[in-house]
Amino acid sequence: MLSLHDTATGEVRRLELRDPGRVSMYVCGPTVYDAPHLGHGRFSLVFDVLRRYLEWTGLEVRYVSNITDVDDKIIARARDEARSESEVARDQEASWWAAMEALGVKRPTEVPHATAYVRRMVDVVGELLDSGAAYRTSTGVYLSVDAVDGYGLLARQSLGSLRVGARVDPGEEKRSPRDFALWKAAKEGEPSWEAPFGRGRPGWHTECVVMSLDLLGDGFDIHGGGEDLAFPHHENERAQAVVLGRSFARHWVHNGWVVDATGEKMSKSLGNFTSLEDLLRRADGRAYRLLVLRAHYRSPIEVSPLTVADAEEALGRLDAMARRFGLAGGLSEMSADEAEEKAASGELAEAGALGDFRRKMDDDLDTPGALATIFELVKAANVAADSGSQQLGAQIAATAFVLCGSLGLAVEPGSSELDAATAALVAERDAARKRRDFVRADEVRDQLSAAGWVVEDGPSGTRVHR
RNA sequence: GGCGGCGUGGCCGAGUGGUUCAGGCAGGGGCCUGCAAAGCCCUUUACGGCGGUUCGAUUCCGCCCGCCGCCUCCA
């Protein structure tokens, strides 16, 4: 069974499931006010890999990830563009899913939208008011963090040691600067909903606690997101659950930053971010997945033209393997159990590698180690084939292919479907080489390369792909 | 100020108290090839500094230097 680092304890511990065989996980999704950037891509990939790996090992995963579609920044953008908030949210959500598809991220099993949960949030805010931990002001409803046992757990700091950052806005009438908004009183021209404590809209920290508990139930298994969400966002969600007397996430998982070539965190406020769209225009989405997998999920990753190109080269090595051994399709969906059966029956080679791979993944998702296992298989497959054991090579390669599939890394042989003109050129090159007319053969190769084909000569003649 | 992380060979990036090696990429040499491509083989004291513990530390402890993050919207 998998062990994962838990932010609440600061330790790697075994994942103890609420319901054996079934995993419930909630990952904070995007606020749809702008184009998704590399950081969004990273958390999506990290949790997609976690989800896929759990599924691959035979667990049933319920993966909920929300869309925040009501928020200050959406309102601000709508205002700037003289559009409605719902239009902004709809458009930005569309580019979110387009980017997710390009990255090969599986759709979560449920995607709750904040605006569809306002009723439930109103109920919860009412309960928090009834409990006495929340209070009303002229600007909304706030939760008093002093009323929360163990506030600061996820920051791993005591309440008293948390420095107060921003000054308290006198207009907010908060009792403590760290109190946070559960409900924001309606302002002219902003989206708002009716509530017993006044018309308004929900605060960000309320939607996730409501939706996660509503869909996954008390004591669900994993709550995840980027490291910067640990505090205060996740802490504030937890605070509400504590006040409500409901058991919340059993395990907190947070991923590290994307940093630029100077080692600085990529963020909107610093302006040093790259949109996913920019990256995907320049590079294969699979290369970004590989780049993310090459570092441990809690470490920062450097994304720069250099590291992306490096990942693309490594990906090319995997694709070349698929080409050499004719791997495709269905294999990549083989589960761990099936793979082990096939390894036992000899259909897949290198059974030891399966165990090795799982040991590494089970150790807090050591994806760099898992990739090393895969690349060792690639080499072993090539060595076997080079020494004449084509079949053994193919079995080893198939094992590597299955493991890539478990990480959502779609290894592809590339397209080698030829149009008639290309096929004719290939035939001509073969003929020219046969009669040792290398001048003509080279001319044909140049023509093919100019048309975007990669030319490889093998024992069975010229092969091209792109 | 509080809390936390990091510093590994040209680059990215794992890992470990001690004999042999993470892995990828790039460069160099070789094999194969008509030439390429792909593939394979080889590639020179790698572990921030100073102390300490130890038979032995890159790995443990202390100090120092440097970098980064959270404490405020942020994946």
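Residue numbers start from 1 in every chain, and the chains themselves are labelled A, B, ... in the order their sequence lines are given, proteins ahead of strands.
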Legend entry - Any R107(A) side-chain heavy atom under 4.5 Å of W97(A) side chain: yes
Inset, instruction - Please examine the side chains of V411(A) and D319(A), heavy atoms only from C-beta on, and report whether any two atoms are closer than 4.5 Å. - result: yes
Legend entry - Partner residues of E101(A) under the side chain to side chain contact (heavy atoms under 4.5 Å, CB included) criterion, sequence neighbours left out: none
Legend entry - Counterpart residues, side chain to side chain contact (heavy atoms under 4.5 Å, CB included), relative to P232(A) (two or more places apart): N236(A)
Inset, instruction - Sort and list the pairs that fulfil salt bridge (Lys or Arg N to Asp or Glu O under 4.0 Å) and have at least one residue in residues 27-40 of chain A, not counting sequence neighbours. - result: D34(A)-R77(A), D34(A)-K268(A)
Inset, instruction - With sequence neighbours excluded, give me every salt bridge (Lys or Arg N to Asp or Glu O under 4.0 Å) pair touching residues 448-466 of chain A. - result: R323(A)-E456(A), R429(A)-D457(A), R433(A)-D457(A)
Any base atoms under 4.0 Å from [X], or only sugar-phosphate, or nothing? Heavy atoms, all strands.
| X | value |
| --- | --- |
| V383(A) | sugar-phosphate |
| G10(A) | nothing |
| V258(A) | base |
| R42(A) | nothing |

Legend entry - Lys/Arg N to Asp/Glu carboxylate O, R90(A) vs E93(A), below 4.0 Å: no
Legend entry - Distance test, side-chain N/O of R317(A) to OP1/OP2 of C40(B), below 4.0 Å: yes
Inset, instruction - Would you please confirm or rule out a distance under 4.0 Å between OP1 or OP2 of A75(B) and any side-chain N or O of N255(A)? - result: no
Legend entry - side chain to side chain donor-acceptor pair (under 3.5 Å) involving R324(A) - partner list, sequence neighbours excluded: N382(A), D386(A)
Legend entry - Pairs involving residues 436-466 of chain A, ordered by first then second residue, that meet ring pair (Phe, Tyr, Trp, His ring centres under 6.0 Å) (sequence neighbours left out): none
Legend entry - Options G23(B), C25(B), G39(B), nucleotide nearest the side-chain atoms of D310(A): C25(B)
Legend entry - Side chain of F375(A) - closest among G39(B), G23(B), C25(B): G23(B)
Using distance only, find each side-chain donor-acceptor pair of residues 349-359 of chain A under 3.5 Å and give its atom names and separation, not counting sequence neighbours.
from: D356(A); atom 1: OD2; to: K360(A); atom 2: NZ; distance (Å): 3.4
from: D356(A); atom 1: OD2; to: T373(A); atom 2: OG1; distance (Å): 3.2

Inset, instruction - Check each residue of residues 32-40 of chain A for a non-hydrogen atom within less than 4.0 Å of any atom in RNA chain B, then write out the ones that pass by number, or none. - result: H37(A), G39(A), H40(A)
Legend entry - Residues from residues 280-305 of chain A lying under 4.0 Å of RNA chain B - heavy atoms: R294(A), A295(A), H296(A), S299(A), P300(A), E302(A)
Inset, instruction - Quick one: the dot-bracket string of RNA chain B, using Watson-Crick and G-U wobble pairs with both distances under 3.5 Å, [ ] for crossing pairs and | for bases paired to another strand. - result: (((((((..(((.....[....))).(((((.......)))))....(((((..]....))))))))))))....
Inset, instruction - Could you tell me whether R42(A) sits above the aromatic face of W257(A), with NZ or CZ closer than 6.0 angstrom to the six-membered ring centre and within 45 degrees of the axis? - result: no
Legend entry - Residue Q391(A) excluded, over 12 heavy atoms near CD under 6.0 Å: no
Legend entry - Polar contact flag, side-chain donor to acceptor under 3.5 angstrom, S24(A)-D221(A): yes
Inset, instruction - Consider only side-chain N and O atoms of Y117(A) and N66(A), and report whether a donor and an acceptor are under 3.5 Å apart. - result: no
Legend entry - Plane angle bin for H223(A) and F248(A) - parallel if under 30°, tilted between 30 and 60°, otherwise perpendicular: tilted
Inset, instruction - Go along nucleotides 29-34 of chain B 5' to 3' and tag each nucleotide: B for a protein heavy atom under 4.0 Å from its base, S when only backbone or sugar atoms are that close, - otherwise. - result: -----B
Legend entry - ring-ring contact (aromatic ring centres under 6.0 Å, His included) partner of H205(A), chosen from Y142(A), F180(A), F231(A): F180(A)
Hey, what are the protein-to-nucleotides 66-70 of chain B N/O distances that come in under 3.5 Å?
from: G69(B); atom 1: O2'; to: W257(A); atom 2: NE1; distance (Å): 3.2
from: C70(B); atom 1: OP1; to: K265(A); atom 2: NZ; distance (Å): 2.9

